[in-house]
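Hydrogens, waters and symmetry mates play no part in the numbers below; they use all other heavy atoms, side chains included. Every chain is numbered from 1 and lettered A, B, ... according to where its sequence line falls, protein lines coming before strand lines. Every value quoted in this text rests on a predicted model; they were computed, and no experiment measured them.
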Number of protein chains: 2
Amino acid sequence: MPPRTRRSDALSRDRIVEAAVELLDTAGEAGLTFRTLTERLATGAGAIYWHVANKGELLDAATDGVIAAALAAGSPGSPREEIRAVALGLFDAIERHPWLGTQLALQLARTPWGSVTARIFEGIGRQVRALGVPAGHLFTTTSALVSYIFGAAGQNAANTAGVPAGADRAEFLDAVSTAWEELDPDEYPFTRAVAAEVRGHDDREQFLAGLDLVLAGITAVHLSRAK
Amino acid sequence: MPPRTRRSDALSRDRIVEAAVELLDTAGEAGLTFRTLTERLATGAGAIYWHVANKGELLDAATDGVIAAALAAGSPGSPREEIRAVALGLFDAIERHPWLGTQLALQLARTPWGSVTARIFEGIGRQVRALGVPAGHLFTTTSALVSYIFGAAGQNAANTAGVPAGADRAEFLDAVSTAWEELDPDEYPFTRAVAAEVRGHDDREQFLAGLDLVLAGITAVHLSRAK
DNA sequence: ACCTGAACACCGTTCAAGT
DNA sequence: ACCTGAACACCGTTCAAGT
């Protein structure tokens with residue numbers, strides 16, 4: 001009897017990465033092991049190591065592929081619109097693939113200027129220049145924007161990943177809000193006071209509002225005599 | 001013959017966490033295992049599990065302790081100064097304990113509103129309110145600021161952790177700058193153009209410049225009729 | 001050149017047994 | 001109540017052997 005899952009054609013790096021992404025999407029980070037991967041691909045561990053150096057490289061490739069696809073959709077528009085598009089592309093990709101949040105952080109820690117960072121930095125930076133930020137401030141300004149985007153997208157990944165699969169979003173926010181209202185008034189007066197604002201908020205809108213805040217800062221500091 | 005390292009007194013959760021931080025500082029994230037930890041504490045694995053539920057909880061406790069200590073120094077000052085102090089507290093802690101970058105990201109992914117986030121959110125939020133940001137915008141504004149701080153501090157943790165221990169900082173920046181200058185002109189025109197700005201920059205100054213950018217945005221959007 | 005799969009070293013965790 | 005340490009299940013990785 002032939003194996004239930006038969007390889008239709010030869011193994012390749014791309015097929016391995018693709019299978020890895022599928023496993024990550026369906027079973028989470030803990031669901032991707034060399035055992036599950038070899039089973040899914042109906043092969044042996046050594047076969048995978050022939051195409052990929054180690055698990056870290058496999059995860060990097062998976063992260064890279066998903067991010068590259070998310071940023072590929074280049075819509076023409078004003079610099080502000082382009083920046084929003086790049087940021088939202090990352091935001092949405094993390095929402096679709098919750099493991100991206102952790103993985104991006106780990107990859108950033110391992111190779112700070114890897115291809116993912118470079119891609120986003122370049123994409124954002126071009127638009128920062130198009131905005132009219134003067135030459136000596138391009139690096140710092142772009143870095144600040146990218147930092148916000150990574151921080152906010154990561155924070156959000158945490159939020160969405162933390163919610164149990166079946167739970168309703170509104171229910172979850174309600175629970176957080178209630179929990180905040182019950183914090184110690186001496187230690188957490190601010191968080192308590194702000195608890196109500198959590199209840200109805202939309203993550204995506206909040207992400208964009210924060211982005212607008214940073215853009216407003218860039219305008220105020222670097223483009224004050226513009227137009 | 002008695003063991004080289006003898007326990008001077010009873011084990012405790014605090015002693016275990018303290019030893020874990022020491023191992024993380026000296027040997028990195030890979031250096032902390034239950035084997036090295038039991039050896040250092042001259043005990044058995046079961047003893048540690050009596051005080052700590054699992055490795056995740058141990059890492060959370062280590063992260064929490066270091067962050068709490070870093071934020072404890074409360075210097076009185078204007079809201080802006082306080083915000084800078086909190087942000088720099090986190091920034092410096094990550095620089096002193098490079099494993100914090102990864103660990104914060106992982107903890108954020110596991111328990112988004114854990115004590116670390118809550119601590120920073122509360123600390124920043126109070127000052128945002130003191131700045132005069134109107135009630136309905138406190139949550140979103142504080143979130144944006146915290147996102148930038150986490151993103152930038154994390155990004156920086158990556159940068160400093162990536163540098164080999166002995167290497168000179170200036171040398172490293174020089175290498176990055178040179179690498180950027182050699183990127184493909186078609187794919188990375190912006191990054192190439194900005195390579196020179198990398199060479200002399202100071203991470204701490206850049207972190208603060210970005211923070212000022214966000215603060216300027218908050219002023220422009222929410223405090224425009226202030227004073 | 002590409003793949004197989006048993007074997008290895010190492011990890012977090014458990015648990016019967018001690019004090 | 002607190003600790004010991006052998007044992008267990010599982011993981012990433014290697015490598016002699018096959019085609």
A:Ile48 CD1 to D:dC11 P, straight-line distance once rounded to whole Å: 13 Å
Residues B:Asp64 and B:Arg119 bridged, charged N to O under 4.0 Å: yes
Aromatic centroids of A:Tyr49 and A:Phe34 separated by under 6.0 Å: yes
Side-chain touch A:Ile94/A:Leu104, heavy atoms, less than 4.5 angstrom: yes
Donor-acceptor under 3.5 Å (A:Thr191 side chain, A:Tyr188 main chain): no
Separation of atom CD in B:Glu29 from atom P in C:dC11, rounded to whole Å: 15 Å
Interatomic distance where CG belongs to A:Leu59 and C1' belongs to D:dT13 [whole Å]: 15 Å
B:Gly44 or A:Arg35, whichever maps to the more 5' nucleotide of DNA chain D: B:Gly44
Ring centers of B:Phe91, B:Phe207 separated by less than 6.0 Å: yes
Closest to side chain of A:Thr33, choosing from C:dC3, D:dG12, C:dT13: D:dG12
Whether A:His201 side chain and A:Val198 backbone form a donor-acceptor pair below 3.5 Å: yes
A:His51 side-chain N/O to C:dC3 phosphate OP1/OP2 under 4.0 Å: yes
B:Phe121 ring center near A:Trp180 ring center (under 6.0 Å): yes
Rounded interatomic separation in angstrom, taking CZ from B:Arg13 and P from D:dC3: 14 Å
Watson-Crick or G-U stems of DNA chain D, 3 or more pairs, under 3.5 Å, by first number: C:4-8 with D:12-16, C:12-16 with D:4-8
Annotated protein contacts, base or backbone, on nucleotides 14-19 of chain C with a non-hydrogen cut-off under 4.0 Å, one of B, S, - each: BB----
Spacing between B:Glu39 atom CD and D:dT4 atom P, to the nearest angstrom: 14 Å
For atom CZ of A:Phe34 and atom P of C:dA7, their distance in whole Å: 20 Å
Close side-chain approach of B:Thr178 to B:Arg199, heavy-atom, < 4.5 Å: yes
Distance in angstrom units between A:Lys55 NZ and D:dC10 C1', rounded: 11 Å
Residue-phosphate contact under 4.0 Å: A:Trp50 side-chain N/O, C:dC3 OP1/OP2: no
Atom-to-atom span, CG of B:Leu41 to C1' of D:dG5 - whole angstrom: 15 Å
Nearest heavy-atom neighbours spanning B:Val146 and A:Gln155: CG1-NE2, 4.0 Å
